[in-house]
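Beneath this line is the structure, given in structure tokens, with notes to follow.
Both counts, for ligands and for their atoms, begin at 1 and track the order of listing. As the structure is a computational prediction, the values presented were derived from the model and not from experiment.
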Amino acid sequence: MKKNILLLCGGGGTEHEISLVSSKYIEKTLNDIGLYNVIKVEIGKDKIFRKLSFDNIQGEVVEMNFKRQLIGPKTEDIHLVVPCIHGPPGETGEIQTFFELIGLPYIGCGPEASINCFNKVTSKLWFNALEIPNTPFEFLASMEDKIRAHNFFDRYGKVFVKAASQGSSVGCFQVFSKKDLDNVLLEAFKYSSYVLIEKMVIARELEISTYEYEGKIIATIPGEINCPSKFYSYEEKYDPNSLTTTEIVAPNLPVEAVEKMRNYAIKAFTHLKLRHLSRIDFFYTDEKEIFLNEINTFPGMTPISMFPKMMEKNGHSFPKFFKDIVAKNIL
Ligand SMILES: Nc1ncnc2c1ncn2[C@@H]1O[C@H](COP(=O)(O)OP(=O)(O)O)[C@@H](O)[C@H]1O
Ligand SMILES: [Mg+2]
């Protein structure tokens, strides 16, 4: 009998739809392996789990129990989960905590690494502790701290304000004028209980696929996001009319800068205890400074996504990568 892989997608967050697109790519990869029975389930915005057919048509309601089973019209044992979810409850570590509790193996980072990377404040505290350069910042726990944000703005003149626990540029704002600052902070607090305020840099946006392959941690050479507005917003990311283009290999980067970034990516992967896969994003400024911007613990796998492409460009097959981690982890 073929073993069952539960492919989870959706999640109900701001990146719900993106996750459905990514899940098609993972589903195809798993089906091409041919060894497993893939059960695809969408976690809805209403938190209900529903089975999906291959064209993402919603089917019956199902439930997971504590015996590693999926309960619906029939009961199916689950041998491995692929939590193909961007944002909550996948990249936030919540769903992994449940899998740990019931002893069900899964692909990707554990709960602790996921939580640490998803919270933009926590991750910056880690980067500083690890001496990985990142943009200067302050963080606020409530509007009572706003004076710190005002002082920070006075120092830098142009800032980014970000809800701490969000992705896809939701809850992320550019601020050029101090009079807008309080409103933007209030807006960001609607999304998260912590808010980050960061120096705005003029920089190239680079991404590195960082993953485990044949027992080694690999960091690819960086790819590049060319976003004409210099703010890679939700629309720029996913609107079909977006003016943003990507390059699998960022052109004309000094070799030393590339090597530094790859080393920082591996240092972050190792010390934050990431597992299997991640995409680590950097800024490279006009002054040739390198800043680690963020770590994505379940990077996008849509047709425009860079993660699998950078891996392939690096000479590693994505299907083989996936086949290996599945074989190594399945019950
Ligand atoms: N400090 C900064 N300086 C300049 N641009 C920034 C800065 N922080 C973020 N951005 C822009 O905003 C985008 C979204 O920010 P990011 O921290 O990557 O959030 P998300 O997790 O939502 O992708 C980045 O891709 C970049 O275009
Ligand atoms: Mg980003």
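Within the cation-pi definition used here (under 6.0 Å to the ring centroid, within 45° of the axis), Arg275 qualifies as a partner of Tyr106.
Close approach to Lys237 involves these atoms of ligand 1, each under 4.0 Å from a residue heavy atom: 20 (P), 22 (O), 23 (O). Each of the following atoms of ligand 1 lies closer than 4.0 Å to a heavy atom of Asn293: 16 (P), 17 (O), 18 (O). Interface of Lys199 with ligand 1, defined as ligand atoms under 4.0 Å from a residue heavy atom, comprises 1 (N), 2 (C), 3 (N). Interface of Gly167 with ligand 1, defined as ligand atoms under 4.0 Å from a residue heavy atom, comprises 21 (O), 22 (O). Close approach to Glu198 involves these atoms of ligand 1, each under 4.0 Å from a residue heavy atom: 1 (N), 2 (C), 8 (N).
Looking at atom 8 (N) of ligand 1, its nearest protein heavy atom turns out to be Lys162 NZ, 2.9 Å. At the shortest separation from atom 4 (C) of ligand 1 among protein heavy atoms lies Val201 O, 3.2 Å. Of all protein heavy atoms, the one closest to atom 27 (O) of ligand 1 is Glu205 OE2, 2.4 Å.
Ligand 1 has at least one atom lying under 4.0 Å from a heavy atom of Lys120. No heavy atom of Tyr234 sits closer than 4.0 Å to any atom of ligand 1.
Side-chain contact, His316 with Tyr211: a donor N or O sits under 3.5 Å from an acceptor N or O. For the residue pair Ser168 / Tyr238, a side-chain donor-acceptor distance below 3.5 Å is found, with atom types taken as modelled. For the 3.5 Å distance criterion, the side chains of Glu247 and Asn226 qualify, holding a donor opposite an acceptor. A donor-acceptor contact closer than 3.5 angstrom is absent between the side chains of Lys273 and Asn116. With hydrogens and angles left out, the side-chain atoms of Asn128 and Asn134 include a donor and acceptor closer than 3.5 Å.
Which of Phe231, Phe118, Phe160 comes nearest to atom 7 (C) of ligand 1 through a heavy atom is settled by distance: it is Phe160.
Counting heavy atoms closer than 4.0 Å to ligand 1, residue Ser168 contributes backbone atoms (N, CA, C, O) but none from C-beta onward.
Among the backbone and side-chain atoms of Glu294, an N, O or S atom lies under 2.8 Å from the Mg ion (ligand 2).
Under the 4.0 Å criterion applied to side-chain N and carboxylate O atoms, Arg50 and Glu42 are not assigned as salt-bridge partners.
Under the side chain to side chain donor-acceptor pair (under 3.5 Å) rule, Asn65 has a single partner from Lys67, Arg68, Gln69, which is Gln69.
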